[in-house]
Amino acid sequence: MADLQRYRKPPITEAVIDFGFSPVSENDLQRISQRFKSRYSKIEGVLKLDVNINNGVASAKASPNGFKMTAANGCDVIMFDRQHFGTIRLAPYEGWESLITDCKNNFASLEKIINRTTVNRIGVRYVNRIDVPLAMAESRPIYDFLITSFQLPPNLGGPLSEYTCAATFTLPKSDLKCRFQSAIVPSILIDHRSITLDLDVFLDANIPIKRDDFWEKLEDIRDKKNQLFESSITPLARGLFDERARDV
Amino acid sequence: MFRSFSPSSPMDDDDVHSPKSVSVSYDRHLIVGGSGGKTLVRPDNIIHAGFEERLFDVLVGLKVTAAQYSMHLTSNVRHRIFSELDRLLNAENWYEEDDFPTTEAFRDFLSWTVYSQHQCWQSLGVGNGGQMLAVWLAPRGVVTAGFRGNNKVGWTAKIDVDGVASLSADIGSLKEFDRLLGSYLD
């Protein structure tokens with residue numbers, strides 16, 4: 001199975017390992033932020049925004065709902081609220097070993113506040129952005145880049161300027177689920193268009209209790225995520241972030 | 001589940017907890033349909049700090065912005081940019097009344113950096129209104145650019161022509177500036 005670390009320019013913009021658990025108290029939230037603030041020094045509050053529209057009249061109410069904390073390098077991030085904790089690595093991606101090490105360290109700190117037996121979700125989410133030169137994007141259909149997309153009727157469709165796709169499904173012969181999202185989006189680069197491929201593979205039942213099994217399950221989730229990624233892109237797309245693959 | 005920020009996806013509703021109707025996210029989304037309420041979370045700077053902490057937060061925020069481009073930057077270029085940011089956004093060098101560099105200006109600088117082959121700037125700076133400044137030493141002079149954040153760059157060039165200093169200044173697109181800079185540097 002392919003390992004994303006082999007790519008010279010991994011298209012990963014965010015890699016996340018997250019846990020869901022039984023709600024903790026507001027006091028515990030503060031304790032978590034204190035515990036991590038020496039490493040993740042930029043602290044931003046997260047607001048929960050309730051928006052209601054009734055008879056055409058909109059109202060909104062914001063209330064505090066957790067924290068986003070960023071390390072001084074601008075690449076390592078944690079986000080948490082009363083029921084979730086995520087260890088996040090922004091680009092440049094430095095590989096799974098680095099991410100899982102951070103995650104285990106963070107979880108060891110978190111376990112001083114929450115009990116692992118209350119964990120009800122574990123997941124691995126990778127957000128990829130494949131930057132396509134505009135000339136190529138304007139002359140080729142989406143399925144030249146993504147295998148998991150839709151096809152337009154023959155002779156009726158060409159290159160797309162907009163495209164979104166979202167699906168949640170259970171992986172075959174597995175208790176894992178995947179939230180799959182992809183889209184064509186305006187690029188942050190000059191003369192490019194970008195394709196996002198967002199894979200969130202997770203387990204939300206029967207979370208292993210034993211420590212070794214718990215981490216082994218995360219490795220399994222990561223393997224499935226990698227398989228999904230490799231199966232979702234074409235050699236043409238792969239060549240855009242790894243020049244060695246261009247001749248494939 | 002979690003995602004730290006959403007720079008580009010138009011359809012990301014993962015932060016939405018309730019399944020219906022209205023989605024508003026902090027950066028760009030407004031999706032309306034049906035009735036009823038919806039809950040989502042958004043980061044916000046609700047913790048306001050002192051000058052040094054604000055400076056630190058701006059510095060980290062710029063590095064987070066750079067992360068979106070980092071797969072297209074060599075390690076050397078990325079480290080040069082970060083080193084200049086560390087030097088600039090330093091409490092010892094900064095006055096409280098100075099404008100912080102804007103994210104938009106920094107994005108333009110990064111977009112241009114990925115696009116251009118002329119990454120040999122001598123130093124970076126911050127100008128009025130949060131412009132991102134860069135300086136190049138040309139064989140016969142100096143070129144200074146201010147990235148403004150609206151896909152526009154203002155530049156000045158002081159070039160020696162037959163022993164006479166020639167001054168010029170203009171404003172143009174990122175691509176136009178790249179062509180012009182190339183003519184001075186090549």
Side-chain angles (χ1 to χ4, degrees), chain A residues 9-14 16 18 20 41-54 58 60 62 64-66 68 70-75 77 79 81 84 86 88 90-92 121 123 125 127 129 131 162 164 166 179 181 183 185-191 194 196 198 200 202 241, chain B residues 1-14 17-18 21-26 32 34-47 49 53 56-57 59-73 75 78 82 107 110-112 114-116 151 174-175 178:
Chain A
K9 297 192 295 183
I12 299 160
T13 58
E14 292 189 61
V16 184
D18 76 88
S41 306
K42 180 181 179 183
I43 306 175
E44 296 165 272
V46 174
L47 293 180
K48 181 174 72 176
L49 187 63
D50 292 311
V51 179
N52 282 289
I53 297 180
N54 286 313
N65 190 57
K68 172 185 170 187
T70 308
N73 64 8
C75 299
V77 180
M79 281 186 78
D81 59 27
H84 308 95
I88 301 167
L90 305 181
R121 184 192 196 276
R125 179 178 183 183
V127 182
R129 190 194 71 224
D131 297 315
E162 292 181 34
T164 61
R179 171 75 169 160
Q181 299 181 83
V185 296
S187 181
I188 58 173
L189 303 182
I190 297 170
D191 289 345
S194 297
T196 59
D198 179 347
D200 183 7
F202 60 94
F241 54 85
Chain B
M1 176 61 201
F2 270 130
R3 180 172 174 186
S4 71
F5 69 147
S6 173
S8 51
S9 172
M11 37 77 78
D12 187 351
D13 61 355
D14 277 32
H17 291 169
S18 162
S21 307
V22 181
S23 168
V24 182
S25 86
Y26 66 98
V32 178
S35 60
K38 198 165 194 178
T39 302
L40 58 118
V41 294
R42 71 182 183 107
D44 197 3
N45 295 313
I46 59 170
I47 298 171
E53 284 178 67
F56 175 79
D57 286 352
L59 173 63
V60 174
L62 293 176
K63 290 180 177 179
V64 168
T65 299
Q68 297 173 44
Y69 297 81
S70 64
M71 65 283 285
H72 296 291
L73 301 173
S75 175
R78 184 170 169 273
F82 276 27
R107 278 196 183 125
L110 293 167
S111 295
W112 181 88
V114 172
Y115 175 80
S116 176
N151 192 33
L174 301 177
K175 290 164 75 171
D178 190 58

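In the text below, chain A, chain B and the rest are named by the order of the sequence lines, each starting its count at 1. The analysis underlying the following values was restricted to heavy atoms, covering all of them including side chains, and did not include hydrogens, waters or symmetry mates.
In this structure, chain B has no heavy atom under 4.5 Å from any part of A:Ala58. Interface residue A:Ser41: backbone and side-chain heavy atoms are both found under 4.5 Å from chain B.
Closest non-hydrogen pair, B:Arg78 versus A:Cys75, comes out as NH2-SG, 3.2 Å. Looking at every heavy atom in both residues, B:Ser70 comes nearest to A:Pro92 through OG-N, 3.1 Å. Contact record, B:Phe82 with A:Asn73: CE2-O, 3.7 Å, taken as the closest heavy-atom pair. Between A:Ala91 and B:Met71, the closest heavy-atom pair is CB-CE, 3.9 Å.
Between the side chain of B:Ser111 and the backbone N or O of A:Ile188, at least one donor-acceptor pair lies under 3.5 Å.
Take A:Asp131 and apply the side-chain hydrogen bond (donor to acceptor under 3.5 Å, both in side chains) test, not counting sequence neighbours, and it matches A:Arg129, A:Ser194, B:His72. For B:Asn151, there are no side-chain hydrogen bond (donor to acceptor under 3.5 Å, both in side chains) partners at least two apart in sequence or on another chain.
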Could you walk me through whether B:Lys175 and A:Asp191 pass the side chain to side chain contact (heavy atoms under 4.5 Å, CB included) test, one step at a time?
CA-CA 10 Å; B:Lys175 290 164 75 171; A:Asp191 289 345; 2.9 Å; yes
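Interface remark: of the candidates B:Val60, B:Leu62, B:Leu73, B:Val60 forms the most heavy-atom pairs closer than 4.5 Å to chain A.
One finds the CG atom of B:Asp57 at 7.0 Å from the CD atom of A:Glu44 (value rounded to the nearest 0.5 Å). Note that CG of A:Leu90 is 13.0 Å distant from NZ of B:Lys63, once rounded to the nearest 0.5 Å.
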